[in-house]
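Here is the naming used below: chain letters follow the sequence lines, and residue numbers restart at 1 for every chain.
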Amino acid sequence: MFHQECENSLRKALEKLYPETQLAELSLKKPPNPEFGQLASSLCFDLAKKNGKNPIVLAKQLAKNLDKTRFSLVKHVDPAGAGYINFHLDFAKFSGLTIESARHFDAEYGFVKTSTPMRIIVEHTSANPLHPLHIGQARNPVLGDTLARMLKSRGHTVFRHFYIDDVGRQSSVVAYGYAKLGKPEPDEKPDHFIGKIYTITSCIVEIARLKKELEQAKQASSTEALQKINKELDEWVAVAADLQQRFSELFRKLHDEISKEENPERAINLINQAYETQDKKAIELSRHVTDLCLEGFKQTLSRIDITHDSWDWESSFVWSGHVADVLQKLKSSPYVSKIGGILEFEAGKIVEDLGLKPKLGLRESYEVPSLTLVRSDGTTLYTTRDLAYTLWKFEKADRVINVIGMEQNLAQLQLKIGLYALGRRECAENLVHFAYNLVSLPSSKAQVRSERISSRMGRYITFDEVMDEAVRRAFEEVSKRSAELSEKEKKRIAEFVGIGAVRYALVAVDPQKPVVFTWDRVLDFEKNSAPYIQYTHARACSILRKAARAPEKPDYSLLTEKLEQEIVLALAEFPDTFVEATEFLKPSAIAEFAVLLADKFNTFYNALPVIKAEPPQLSDARLALVDAVRIVLRNALSVIGIVAPERM
RNA sequence: GGGCUCGUAGUCUAGGCUGGAUUAGGACACUGGCCUGCGGAGCCGGAGAUCGAGGGUUCAAAUCCCUCCGGGCCCGCCA
C-alpha cells in the first residue's frame, strides 16, 4: 500500500515534469538505513543519463512536485544523496494498520494467495530403498517438504510424491541377501536392518566378482587392468573387515550362505529379471524387502513431520505398459534410432532442430549427449522409465517440481528434452528440477580432503542418528536451563528443539552450496538457529501470558521508538518476503527473515518494558505489537515446518 | 576434453537473477561490558574481509560480460 502510494505520486510528478520521458522502472527500493526513509527511488540516475542533467537537481524538482494532499501513509518526502528521492512513512498510521492486520489475519497473515492457483506435484526424497536415509540425503526431504508447505500456503494444490525406485540390480542385491538369510523379521528399525544386509551382501558379491576378474586379468596378463582391480579389491576388503567387525553374526551368516552359491552374480540378475517380468515369487520377495525399508523411511520422516501423499512404484509403470507406450511413441519420432541393437535418443539433434538452447539455458557450443533408452537385451533404462513416470505426473498436475541432487543435472535435462520429443512442450516447460548440492563428510586426519559419502560401502551417518544426537543435546540443554521441569516435559521440549535445529540447519543454507557435514552445523542452539527463534516466540507468548489482558485501547502513535518502528516494518515485509521466497523457490529466505525478526524483537525486549509501560495506551500498543510478532514468528516457522512453542 | 556448480574475516553464511547512498550484513570462535524490570537459548560494544585472480562494461560492480585459478559433481547398455 505504502509502496503503491509512493509509486503513483512519483509517476504523476514525472508525467507532469517530463511528459516525454518513458521509464518502465521507478526503481523503488528499501534504503539501507532507516534515516533515509522506508522507500527510495533511484530513478533520477536513469533520468539524468537520458537528458544529461544533474541527478540531485532532478530529485529536488520531482520531490517538490509530488502531490502531497493525496498522501495517507507517506509522511514526507525528501531528495537526498547524489540523487535519491526518499519517502518517509507516517508510522502513527502505519503501525496500527500493520499490527491490526497481522492480528486480524492471524494464522493466514503473510500468506498472500496466488492469482493463478495450480496443481503442483513436489516429488522429493525418493531415496533408493536399500538402506536408511543418511545425512547426505537429508537435505532432500527437508527442502522438498518446505517447498510443498510454501506452495500450499500460496494457494496452490500440492501433492507430495515419493518415487520408489525398486527396479534395478541394487534392489535385487538386497532381495538376494534377504532371501539367503531366510527372510527374517527385523529385530531393529527395518531400514537399518535392510541397510546392513545390502552393504554386506554387495560387499561379499563384489569381492567374489573382483577375484574372478583378477584371475582373468592374470591370464590376459594386462598389468594395467590388474592394478586397477587390485586397488578396487583392496578397498572392498577393507570394507569387509570393517563390516565383519561391526556386524559379525550377520556377516558370517551371509558369507556362509553366499559362499555356497556358485554364481551369485547370476542369481541376482535372475531375481531382477523375474521381478521385471512380474514373476509372482520375485514380486513377493522384492516388494517385502522394499516395504520394510520404506517403513523405516516413514518412521524417520514422520519424526521431522514430513509425509507423502503418494508412493509411486517404478515397477508399476513397467508392468502397466506405460513405459512401453512411451517407447512406442518415441520410436516414431525422428530422433530415436536403433544403433547396434540398442535404442538411442539423440537429444542433441532435437535441441538443434527446435532451437531449444536459449530456453534450456545452454551454450550454443554445447552438444547434449545422446541417451540410451533400451539395452540390447530389451530392458529399459532409468531415464526411459522416468519419462513414463513424468507423463503420468502431468496427468495429475500442471506443474512438477523434482527435488533431486544436482549430480543428476544431465539426466533431468535429457528427461526434459525427451518431453519435447514426445511433443509435450507444455510439460517440458512446467517441469522444474530443483537441484541441490551434495553433502560430504568432513575429512579425517588421514585424509586431505573431505570424504565422499558412500552408501554402497556403508560409509554414512544416518538421518536417525543425527536427529537422536540433536535431541540428546537439546535434552542436556533443557535440563541445564529448566531443571525444575518434569522428565516428560523436558523430553517433549528436547524433541522439538532438536528436530527444529536440524531442520533449520538444512533449510537455511542456499541449496546450491556444497555442504560438509559437521555436528556443529546441525546442533546449533544459538543465535542463528531454530531454537533461537523458538525461544523468542516462547518469550513473546510469555509476555502475553503475564499481561493476562487484551490490548483494550492501544494508541499506536505512541510507538515512536526506532526499535518499535523497525519491528513494524519487518512485520509489514513478511508478506513480500513470503511471496518472493515462494515464487523463486527459496526457503532459506523465510528462515533468514525469521531470525531477523527474532533478533529485532529481542533487542526491543531488552530495551523497553511492555506490561509496565506508561501510559496504558502505550502498554496496550506494545502488547499488540508483541502479539503481532508472535503471530508472524509462528507463521514463518510453520511454513518451514518448525514447531513454534509457547514454552520451552 | 566438454558441461554444471561453488569460491565472501580463523570457521560458517547473507547479498548476486533485478548494479546504486555499502565504511560488504549476520553467526560461531576471540574479546570488553550488561547479572535493570516481562524467560540470560538473551542484550550492548571491540577486533577481524584486498568479496578466488586479472581484465572489461558503467557516472556507479560482491552483483553484469570475458579469461584464468582452485574445490565438487556429471558426461554409462548404473540408478
Side-chain angles (χ1 to χ4, degrees), chain A residues 25 27 29 31-33 35-36 40 42 45-46 48-49 55 80-84 86 128 130 165 167-171 314 339-344 361-363 365-369 371-383 385-386 405-411 413 435 437-438 440 449-450 452 474 477-478 480-482 497 505 508-510 512-516 518 520-521 524-529 531-536 538-547 584 588-589 592 595-596 598-599 602-613 622-623 626 647-648:
Chain A
E25 277 293 321
S27 26
K29 284 203 169 170
N33 189 322
E35 280 169 35
F36 301 134
S42 58
F45 292 98
D46 296 332
K49 197 189 276 180
Y84 291 92
N86 293 338
N128 293 349
L130 308 168
D165 189 5
V167 180
R169 213 190 84 96
Q170 299 170 83
S171 298
E314 185 178 18
I339 301 170
I342 61 166
L343 206 61
E344 193 81 356
L362 303 171
R363 288 194 189 203
S365 56
Y366 179 62
E367 278 182 49
V368 182
L371 171 75
T372 305
L373 295 167
V374 180
R375 296 188 185 93
S376 47
D377 69 356
T379 56
T380 55
L381 280 101
Y382 176 79
T383 307
R385 300 189 291 267
D386 203 5
M406 58 152 256
E407 70 275 11
Q408 295 211 37
N409 262 343
L410 179 58
L413 177 69
N437 217 320
L438 288 174
S440 52
R449 62 176 55 128
S450 53
R452 202 181 156 183
E477 209 69 14
V478 179
K480 230 187 318 183
R481 294 168 205 276
S482 324
V497 169
V509 183
D510 181 342
Q512 300 274 54
K513 299 224 180 205
V515 158
V516 177
T518 58
D520 281 354
R521 181 186 282 278
D524 181 12
F525 295 162
E526 291 183 58
K527 198 150 177 174
N528 191 3
S529 75
Y532 175 74
I533 305 165
Q534 290 173 317
Y535 177 76
T536 310
R539 244 182 177 179
C541 289
S542 169
I543 295 176
L544 296 167
R545 209 163 42 230
K546 284 254 161 65
F584 285 93
S588 59
E592 197 195 335
V595 166
L596 199 86
D599 209 352
N602 280 319
T603 306
F604 160 80
Y605 174 91
N606 215 262
L608 302 166
V610 174
I611 297 173
K612 290 178 188 161
R622 284 190 182 155
L623 212 50
V626 172
R647 298 168 204 262
M648 63 184 271

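Contact annotation for A:Tyr532: backbone-only contact, meaning every heavy-atom pair under 4.0 Å involves sugar-phosphate atoms and none involves a base. Nucleic acid contact class of A:Leu410 (heavy atoms, under 4.0 Å, all strands): sugar-phosphate only. If you check every strand for non-hydrogen atoms under 4.0 Å, A:Asp520 touches nothing. Counting any heavy atom pair closer than 4.0 Å across all strands shown, A:Ala508 reaches no nucleic acid atom. A:Val626 comes within 4.0 angstrom of no nucleic acid atom, judged by non-hydrogen atoms across all strands.
B:rG71 and B:rC43 are spaced 40 Å apart, taking the P atom of each and rounding to whole Å. For B:rG1 and B:rG48, the P atoms lie 42 Å apart once the distance is rounded to whole Å. For the C1' atom pair drawn from B:rG45 and B:rG37, the interatomic distance equals 22 Å after rounding to whole Å. Nucleotides B:rG72 and B:rC17 place their C1' atoms 23 Å apart, quoted to the nearest Å. Across B:rC28 and B:rA47, the matching C1' atoms stand 15 Å from one another, rounded to whole Å. Taking the C1' atoms as reference points, B:rG40 lies 9 Å from B:rC35, given to the whole Å. B:rA61 sits 39 Å from B:rG42 when the C1' atoms are compared, rounded to a whole Å. Using C1' as the reference atom, B:rU18 and B:rA60 are 16 Å apart when rounded to the nearest Å.
With sequence neighbours excluded, no residue forms a salt bridge (Lys or Arg N to Asp or Glu O under 4.0 Å) with A:Lys612. Residues satisfying the salt bridge (Lys or Arg N to Asp or Glu O under 4.0 Å) test with A:Asp599, not counting sequence neighbours, are A:Lys527.
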Legend entry - Footprint string (nucleotides 62-68 of chain B, 5' to 3'): B base within contact, S backbone only, - free, heavy atoms under 4.0 Å: -------

Legend entry - Heavy-atom protein contacts under 4.0 Å, nucleotides 21-29 of chain B, coded B base, S sugar-phosphate only, - none: BS----SSS

Provide a list of protein-nucleic acid N or O atom pairs under 3.5 angstrom, restricted to nucleotides 7-10 of chain B.
unit_1	atom_1	unit_2	atom_2	d
B:rG7	OP1	A:Lys513	NZ	2.6

Could you pull out the protein-nucleic contacts involving nucleotides 76-79 of chain B (nitrogen or oxygen on both sides, under 3.5 Å)?
unit_1	atom_1	unit_2	atom_2	d
B:rC77	O3'	A:Arg375	NE	3.3
B:rC77	O2	A:Ser376	N	3.1
B:rC77	O2	A:Ser376	OG	3.0
B:rC77	N3	A:Ser376	OG	3.0
B:rC78	OP2	A:Arg375	NE	2.5
B:rC78	OP2	A:Arg375	NH2	2.7
B:rC78	O3'	A:Arg375	NH2	3.3
B:rA79	OP1	A:Arg375	NH2	2.8
B:rA79	OP2	A:Tyr382	N	3.3
B:rA79	O3'	A:Asp165	OD1	2.6
B:rA79	O3'	A:Asp165	OD2	2.4
B:rA79	O2'	A:Asn128	ND2	3.2
B:rA79	O2'	A:Asp165	OD2	2.6

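Residue A:Glu407 qualifies as enclosed at atom CD: its count of foreign heavy atoms under 6.0 Å is above 12. Within 6.0 Å of atom CZ in A:Arg545, more than 12 heavy atoms from other residues, nucleotides or ligands are found, so the atom counts as buried in its surroundings.
Side chain of A:Ser542 to backbone of A:Ala538: no donor-acceptor contact under 3.5 angstrom is found.
Of the two residues contacting RNA chain B, namely A:Arg647 and A:Asn602, the nearest-nucleotide position lying further toward the 5' end is that of A:Arg647.
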